[in-house]
Every structure is written in C-alpha cells, then in structure tokens.
Amino acid sequence: MFIRLDKYLADMQVGTRSEVKELIRKKRVTVNDNIVTKPESKINTDGDSVNVDGNAVGYHEYEYFMLNKPAGVVSATDDNTCTTVIDLIKTNNRKDLFPVGRLDKDTEGLLIITNDGAMAHDLLSPKKHVDKTYYAKVKGKISDMEVKQFADGLFVDEELTALPAILKVLSYNSDKDYSEIHVTIHEGKFHQVKRMFTAIGSEVLFLKRITFGALPLDESLKTGEYRALTKKEISILQRNQIKR
C-alpha cells in the first residue's frame, strides 16, 4: 500500500500532520536511508524503511487488542466525564482505535479494540448472529422453566423479543439467594442480558463477558489489562464474520 509520508507518520502517532511536516522539512526523516523533505512523498508501507531521528517507525494498518474491561469504564472513544476503554490502551500505534460494540459501564469482561472497521461491521451485523457468552450472578434460583424460556426465545418487552439463547445454571447460593450462570446470546440489544433476567423476575447482580464469537477472554488478563491479539485470534474473529 502506498500512502503519503506525512500521513504515514501521523498514523503512527509521531505527531500531528503539521508537526510531522515540520520534521520532514527539517530533514529529520529518512526513507530507505535517504533524507526526504517532501511531506507528500509516497511510501510503500510493505517495503520502505522509515526513520525519524535515526529511529525506525514501522507501519501497522490495523491493530487488534483484547481488553478485560473493568466496571466503571465506558465503551466509547472519548467521554468528557468518564474514563473510556480507549484511555486504557497505552501501547497503540494508531490513533483511530474504537471498541467493537459496547459493554455497559458496570459490566466487565472481553472487549475487542481495533481500527478495522470492516471486521467490526461484520462482527456486529445482526445478520451474522455472532455468539456472546456471559458469566453472571443473578438474583434468586433459576429453574428449568426459565432455561426453557431462554431457549425458546424470550419476550422481554414491547421493544424486544430475544432470539433463542442458551442459559446454563452453574450453581445456586441459598444463603445469599443468587445463582451463578452462563448465558449465550446471538444479538446485542441495549442492556439485553439485564432486560432478559428482569423479564423472568430476576436481577443481574454481576455481569462479565467471557467469549466473543469463538474467541475466549484470556484468563491471565487481570481486570483493566489488555494485550494485542495473536494472528490465530485475529483469524478466529475473521472466521466469525462468515454467516452461519
């Protein structure tokens, strides 16, 4: 891929477009060991070697991160009052990252951060029905009847009849009257999991997403931590774009 030198450097957060133009004009940038003074010079991102003050600047068109989102952080690119999931990503080379979908402010767990718009669109497309699995603590004892309601497709309210979902009861704490469950949904409506449990007379006390499609949350990531996705994991997400 060929792009302008100033865009190349700005994309990699060397500086703003005006700042990197100044660097170029001051002869601080080399391409293939040759000083380049024209910001509009074309760079082959697949083969050219770009250096600023002798330091190599590699180009990454797309970046992919797995974040174990903590509660209290919003799934947005910017917010005037709250910390965003993008604020947590400190090692990115790109400045155009965004979360793939959203988790509620008080929900924890797996969130994909990328700048690959095509992948994000496909993963979030209602037509693709990409599975999302959550671990939750919910109020009360969940019976086989509620499991069947989820499996049949649950009438939530006038705005939502949820598609069939897989509800698995892990345990019940009789002393504190809550159940631990896994629930797998195939869509991502606003507050969907919380609304589904409200509809059966329960309440979500804690919610954490543990899988997105076939990609599981890395259990070694502490809450608030992140890492780059491996090539294998990116491939898993790309396969999830294929309609089942």
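Here, residue 1 is the first one in the sequence, and each next residue gets the next number.
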Is any side-chain heavy atom of Leu88 closer than 4.5 Å to one of Thr83?
yes
Does Leu23 offer a backbone N or O that forms a donor-acceptor pair with the side chain of Arg28 under 3.5 Å?
no
From CG (Leu221) to CG (Leu67), nearest 0.5 Å:
8.0 Å
Side chain to side chain donor-acceptor pair (under 3.5 Å) involving His191 - partner list, sequence neighbours excluded
Asp104
Closest non-hydrogen atom pair, Ala162 against Gln192
CB-NE2, 4.0 Å
Which heavy atom in Ile185 sits nearest to a heavy atom in Ala165, and how many Å separate them?
CG2-CB, 4.1 Å
Does any N or O in the side chain of Thr133 come within less than 3.5 Å of the main-chain N or O of Thr211, such that one atom is a donor and the other an acceptor?
no
Sequence neighbours left out, what pairs pass ring-ring contact (aromatic ring centres under 6.0 Å, His included) with at least one residue falling in residues 137-163?
Phe150-Phe197
Cluster link Val204 to Ile142, ILVMFWY, side chain under 4.5 Å:
yes
Residue set satisfying side-chain contact (heavy atoms from CB on, under 4.5 Å) with Asp79, at least two apart, ordered chain then number -> Val74, Thr81, Cys82, Thr84
Test side chain to side chain contact (heavy atoms under 4.5 Å, CB included) on Met66 and Leu217; report intermediate values, then the result.
CA-CA 8 Å; Met66 174 189 296; Leu217 176 65; 4.2 Å; yes
Mind listing the closest non-hydrogen atom pair of Val147 and Leu167 along with its distance?
CG1-O, 3.4 Å
Looking at CD1 of Ile24 and OG1 of Thr30, how far apart are the two atoms once the value is rounded to the nearest 0.5 Å?
11.0 Å
Can you name the salt bridge (Lys or Arg N to Asp or Glu O under 4.0 Å) partners of Asp87, sequence neighbours left out?
none
Heavy atoms of Lys139 and Ser202 approach each other most closely as O-OG, 2.6 Å
Quick one: does Leu229's side chain get under 4.5 Å of Leu215's, heavy atoms only?
yes
Looking only at atom types and distance, does a side-chain atom of Ser75 sit under 3.5 Å from a main-chain N or O of Leu103, one as donor and one as acceptor?
yes
Within 6.0 angstrom of Lys194 NZ, more than 12 heavy atoms from elsewhere
yes
Run the side-chain contact (heavy atoms from CB on, under 4.5 Å) test against Thr198 and tell me which residues pass, sequence neighbours left out.
none
Pairs satisfying salt bridge (charged side-chain N to carboxylate O under 4.0 Å, His left out), at least one member in residues 143-157, at least two apart:
Lys148-Asp152, Asp157-Arg195
Name all pairs fulfilling the ring-ring contact (aromatic ring centres under 6.0 Å, His included) condition that reach into residues 31-52, sequence neighbours left out, sorted by first residue then second.
none
All heavy atoms of Ala76 vs all of Pro99, minimum pair found to be N-CG, 4.1 Å
Partner residues of Lys231 under the side-chain contact (heavy atoms from CB on, under 4.5 Å) criterion, sequence neighbours left out:
none
Linked, directly or transitively: Leu154 and Met145 (ILVMFWY side chains, under 4.5 Å):
no
Using a 4.5 Å side-chain heavy-atom cut-off and chaining through intermediate ILVMFWY residues, the residues clustered with Tyr135 come out as Leu170, Phe206, Ile210
Taking the side chain as every heavy atom from C-beta outward, state whether Tyr59 and Asp11 have any atom pair closer than 4.5 Å.
yes
Result for side chain to side chain contact (heavy atoms under 4.5 Å, CB included) between Tyr226 and one of Thr91, Asn68, Ile113 points to Thr91
Taking only residues two or more places apart in sequence or in another chain, which ones pass side-chain contact (heavy atoms from CB on, under 4.5 Å) with Val20?
Asp6, Leu9, Val14
Are the side chain of Glu187 and the backbone N or O of Leu163 linked by a donor-acceptor pair below 3.5 Å?
yes
Roughly how far, to the nearest 0.5 Å, is the NZ atom of Lys137 from the NZ atom of Lys208?
11.0 Å
Taking Ile181 as the starting point, is it possible to reach Ile200 by hopping between hydrophobic residues whose side chains are less than 4.5 Å apart?
yes
Working to the nearest 0.5 Å, report the span between NZ of Lys132 and CZ of Phe212.
5.5 Å
Non-hydrogen atoms of Arg227 and Glu233 that approach each other most closely:
NH2-OE2, 2.6 Å
In one Ile/Leu/Val/Met/Phe/Trp/Tyr side-chain cluster, 4.5 Å: Leu205, Met196
no
Hey, is the main chain of Gly109 close enough, under 3.5 Å, to the side chain of Tyr134 for a donor-acceptor pair?
no
Can you find a side-chain donor-acceptor pair between Asp177 and Tyr172 that sits under 3.5 Å?
yes
Quick one, Val50 with Val29, criterion side chain to side chain contact (heavy atoms under 4.5 Å, CB included). Give me CA distance, side-chain angles, the key distance, then yes/no.
CA-CA 7 Å; Val50 179; Val29 179; 4.3 Å; yes
Under a 4.5 Å cut-off applied to non-hydrogen side-chain atoms, are Lys69 and Glu108 in contact?
no
Please round to the nearest 0.5 Å and tell me the distance separating atom CD1 of Ile234 and atom CZ of Arg239.
12.0 Å
With clusters built from Ile, Leu, Val, Met, Phe, Trp and Tyr whose side-chain heavy atoms come within less than 4.5 Å, directly or transitively, what are the remaining members of the cluster of Phe190, listed by chain and number?
none
Just so I know, are the side chains of Thr114 and Phe98 near enough to count as touching, which here means a heavy-atom distance under 4.5 Å?
yes
Counting distance only, does the side-chain N/O of Asp131 pair as donor-acceptor with the main-chain N or O of Ala214 below 3.5 Å?
no
Could you state the interatomic distance from CD (Gln13) to CD (Glu19), rounded to the nearest 0.5 Å?
11.5 Å
Can you pull out every side-chain hydrogen bond (donor to acceptor under 3.5 Å, both in side chains) where at least one residue sits in residues 31-40? Sequence neighbours excluded, please.
Asn32-Asp48
Does the pair Met119 and Leu237 meet the rule for a side chain to side chain contact (heavy atoms under 4.5 Å, CB included), with working shown?
CA-CA 8 Å; Met119 171 186 278; Leu237 289 177; 4.0 Å; yes
Measure the shortest side-chain to side-chain distance between Arg4 and Arg17 over non-hydrogen atoms and say whether it is less than 4.5 angstrom.
yes
When you measure from the side chain of Asn115 to the backbone N and O of Leu97, does any donor-acceptor pair fall under 3.5 Å?
no
Are Leu207 and Leu111 co-members of a hydrophobic cluster defined by side-chain heavy atoms under 4.5 Å apart?
yes
